[in-house]
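This chain uses plain numbering: 1 for the first residue, then up along the sequence. Heavy atoms only: backbone and side chains are in, while hydrogens, waters and symmetry mates are out.
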Amino acid sequence: MKEIKAYIRPLCASRVIKALEDAGAKDLTLIQADAIAPLPYHGQETEVSSARHITRHSDVAKLELVCRDKEAKLYVEIIRACAHTGKRGDGRIFVSHVEEAVNIRTGETSDTAL
């Protein structure tokens with residue numbers, strides 16, 4: 001099994017979720033969060049005037065799902081395609097191995113727990 005975590009623009013979240021559900025994904029989690037990014041002048045000698053407002057954080061939607069190994073590549077490509085704008089800040093996708101899953105209600109484990 002794989003866990004997919006995607007950090008995407010909130011404006012893209014509905015489109016991504018619809019496409020994932022159309023492809024068979026279920027039990028998605030969407031969390032609204034703040035992404036903390038380095039300042040644009042990070043590592044440079046720069047004075048910042050008090051009148052200048054610099055924001056280090058931006059709204060981000062964190063999408064999480066666990067799926068079977070064979071579904072992961074498809075879901076990653078769907079997320080990438082639907083969240084892509086070509087602009088800085090489109091986000092990132094991370095895929096991790098899930099060692100075990102347990103359905104609390106039924107007691108089912110592994111792929112059957114999904």
Side-chain angles (χ1 to χ4, degrees):
M1 293 173 290
K2 301 291 185 193
E3 178 182 32
I4 300 171
K5 291 181 184 179
Y7 297 86
I8 61 175
R9 296 176 186 277
L11 294 174
C12 298
S14 294
R15 181 173 58 238
V16 170
I17 290 168
K18 179 175 180 352
L20 286 169
E21 289 177 330
D22 289 349
K26 57 183 180 174
D27 298 329
L28 306 170
T29 301
L30 182 67
I31 302 163
Q32 298 299 321
D34 287 336
I36 309 299
L39 293 171
Y41 59 84
H42 182 73
Q44 298 175 5
E45 295 284 332
T46 307
E47 277 189 42
V48 179
S49 109
S50 60
R52 183 174 169 194
H53 175 72
I54 296 178
T55 302
R56 288 191 57 201
H57 63 88
S58 58
D59 292 336
V60 67
K62 179 182 179 185
L63 181 68
E64 298 180 348
L65 69 128
V66 175
C67 63
R68 291 169 181 81
D69 289 344
K70 63 183 180 182
E71 300 165 327
K73 282 190 178 194
L74 172 64
Y75 294 164
V76 166
E77 182 51 32
I78 288 170
I79 295 166
R80 195 207 60 75
C82 292
H84 179 263
T85 68
K87 297 178 183 169
R88 182 178 171 92
D90 274 351
R92 290 193 173 65
I93 303 168
F94 300 97
V95 181
S96 304
H97 176 72
V98 174
E99 204 165 305
E100 186 63 67
V102 178
N103 183 311
I104 294 172
R105 182 179 60 85
T106 65
E108 294 172 310
T109 60
S110 298
D111 281 359
T112 58
L114 299 180

Exercise for the section: Check step by step if side-chain contact (heavy atoms from CB on, under 4.5 Å) holds for I79 and V76. Expected result: CA-CA 5 Å; I79 295 166; V76 166; 5.6 Å; no
Handout entry: Residue pair D90 / I8, side-chain heavy-atom distance below 4.5 Å
Key = no
Set of residues satisfying side-chain hydrogen bond (donor to acceptor under 3.5 Å, both in side chains) with respect to [X], sequence neighbours excluded:
X	result
D27	none
E99	none
D69	none

Problem - Test item: E3 side-chain N/O and V95 main-chain N/O as donor-acceptor pair under 3.5 Å - result: no
Practice task
Would you confirm whether R15, through its side chain, and C82, through its main-chain N or O, come within 3.5 Å as a donor-acceptor pair?
Solution key: yes
Problem - Any residue meeting side-chain contact (heavy atoms from CB on, under 4.5 Å) with K26, in chain and number order, not counting sequence neighbours - result: none
Practice task
Applying side-chain contact (heavy atoms from CB on, under 4.5 Å), name anything that partners L30, two or more places apart in sequence or on another chain.
Solution key: A13, I17, Q32, A61, L63
Practice task
Rounded to the nearest 0.5 Å, what's the gap from SG on C67 to CE on M1? Could you check?
Solution key: 10.0 Å
Handout entry: From K5 atom NZ to I31 atom CD1, the distance as rounded to the nearest 0.5 Å
Key = 8.5 Å
Problem - From CA spacing to verdict: side-chain contact (heavy atoms from CB on, under 4.5 Å), L65, Y75 - result: CA-CA 9 Å; L65 69 128; Y75 294 164; 3.5 Å; yes
Problem - Within 6.0 Å of CZ in R68, more than 12 heavy atoms from elsewhere - result: yes
Problem - Verdict with reasoning, V60 to R9, per side-chain contact (heavy atoms from CB on, under 4.5 Å) - result: CA-CA 5 Å; V60 67; R9 296 176 186 277; over 6 Å; no
Exercise for the section: Apply side-chain contact (heavy atoms from CB on, under 4.5 Å) to K2 and S96, showing your working. Expected result: CA-CA 6 Å; K2 301 291 185 193; S96 304; over 6 Å; no
Exercise for the section: Could you list all the salt bridge (Lys or Arg N to Asp or Glu O under 4.0 Å) pairs where at least one residue sits in residues 102-114, not counting sequence neighbours? Expected result: none
Problem - Lys/Arg-Asp/Glu bridge criterion (N-O < 4.0 Å) met for K18, E21 - result: no
Exercise for the section: May I ask whether L20 and I93 are part of the same hydrophobic cluster, defined by side-chain heavy atoms of I, L, V, M, F, W, Y residues being less than 4.5 angstrom apart, directly or through others? Expected result: yes
